[in-house]
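Structure first, commentary second.
Being a predicted model, the structure only gives us computed values, none of them experimental.
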Amino acid sequence: KQSLWRSIKIGIIVFVVLSSGLASYIHWEAVGFDPIREIQRLRDQGQRDEALMLIRFLKERRPGRDSESIKSLEDELD
């Protein structure tokens, strides 16, 4: 019975450590996301439709932020 309880405790600790590490990694990746750079990358790869979808999404979700850059990229893609 004690070994079962000890195994459960170790399993919980491992789960908490791994999930905390995963959350930190996801947060770190999200901080480095630059939507303007991503739009330019999509444009350079010839993925015009995806770039326009991202522009529309950003205009809806983040009005006012980087609006001049987004507008110039949108004009360029249209």
Side-chain angles (χ1 to χ4, degrees):
K1 191 171 184 176
Q2 281 184 337
S3 66
L4 175 65
W5 182 243
R6 184 176 298 148
S7 298
I8 291 173
K9 282 196 246 181
I10 291 173
I12 290 171
I13 291 170
V14 168
F15 174 76
V16 168
V17 169
L18 290 176
S19 62
S20 297
L22 179 61
S24 296
Y25 174 75
I26 290 171
H27 178 71
W28 178 71
E29 285 292 317
V31 168
F33 179 74
D34 181 13
I36 302 299
R37 191 174 340 137
E38 183 65 20
I39 293 168
Q40 291 170 340
R41 185 185 66 79
L42 289 170
R43 178 198 61 200
D44 294 342
Q45 291 178 350
Q47 297 177 344
R48 177 185 168 275
D49 293 338
E50 288 81 2
L52 286 171
M53 285 175 40
L54 182 55
I55 287 172
R56 289 185 189 108
F57 175 79
L58 290 173
K59 285 171 69 174
E60 290 174 10
R61 302 287 182 210
R62 297 172 31 170
R65 285 186 69 183
D66 301 323
S67 60
E68 289 184 26
S69 300
I70 290 174
K71 181 67 176 154
S72 67
L73 284 169
E74 184 177 28
D75 292 342
E76 188 179 315
L77 289 168
D78 280 339

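Using a 4.0 Å cut-off between a side-chain N of Lys or Arg and a carboxylate O of Asp or Glu, K71 and E68 do not qualify as a salt bridge. A salt bridge between K59 and E74 is present, with a side-chain N of the basic residue lying under 4.0 Å from a carboxylate O of the acidic one.
A distance of 12.0 Å separates CD1 of I13 from CG of L18, quoted to the nearest 0.5 Å. The distance from atom CD1 of I10 to atom OG of S3, rounded to the nearest 0.5 Å, is 10.0 Å. Atom CD1 of I55 and atom CZ of R48 lie 9.5 Å apart (nearest 0.5 Å). We find the CG-CZ distance between D44 and R37 to be 12.5 Å, quoted to the nearest 0.5 Å.
Grouping the Ile, Leu, Val, Met, Phe, Trp and Tyr side chains by contacts below 4.5 angstrom, directly or via other members, places L22 apart from V14. The cluster map of Ile, Leu, Val, Met, Phe, Trp and Tyr, joined by side-chain heavy atoms under 4.5 Å apart, puts L54 and L77 in the same cluster.
Considering every non-hydrogen atom in both S72 and S69, the closest pair reads OG-O, 2.9 Å. Here the closest non-hydrogen pair linking Q40 and L73 is CG-CD2, 4.0 Å.
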Steps toward side chain to side chain contact (heavy atoms under 4.5 Å, CB included) verdict (E76, R43): CA-CA 9 Å; E76 188 179 315; R43 178 198 61 200; 2.7 Å; yes

L58 and I39: CA distance, side-chain angles, deciding distance, side chain to side chain contact (heavy atoms under 4.5 Å, CB included) verdict: CA-CA 10 Å; L58 290 173; I39 293 168; 3.8 Å; yes

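Checking Q2 against R6 by side-chain atom types alone, no donor-acceptor pair falls below 3.5 Å.
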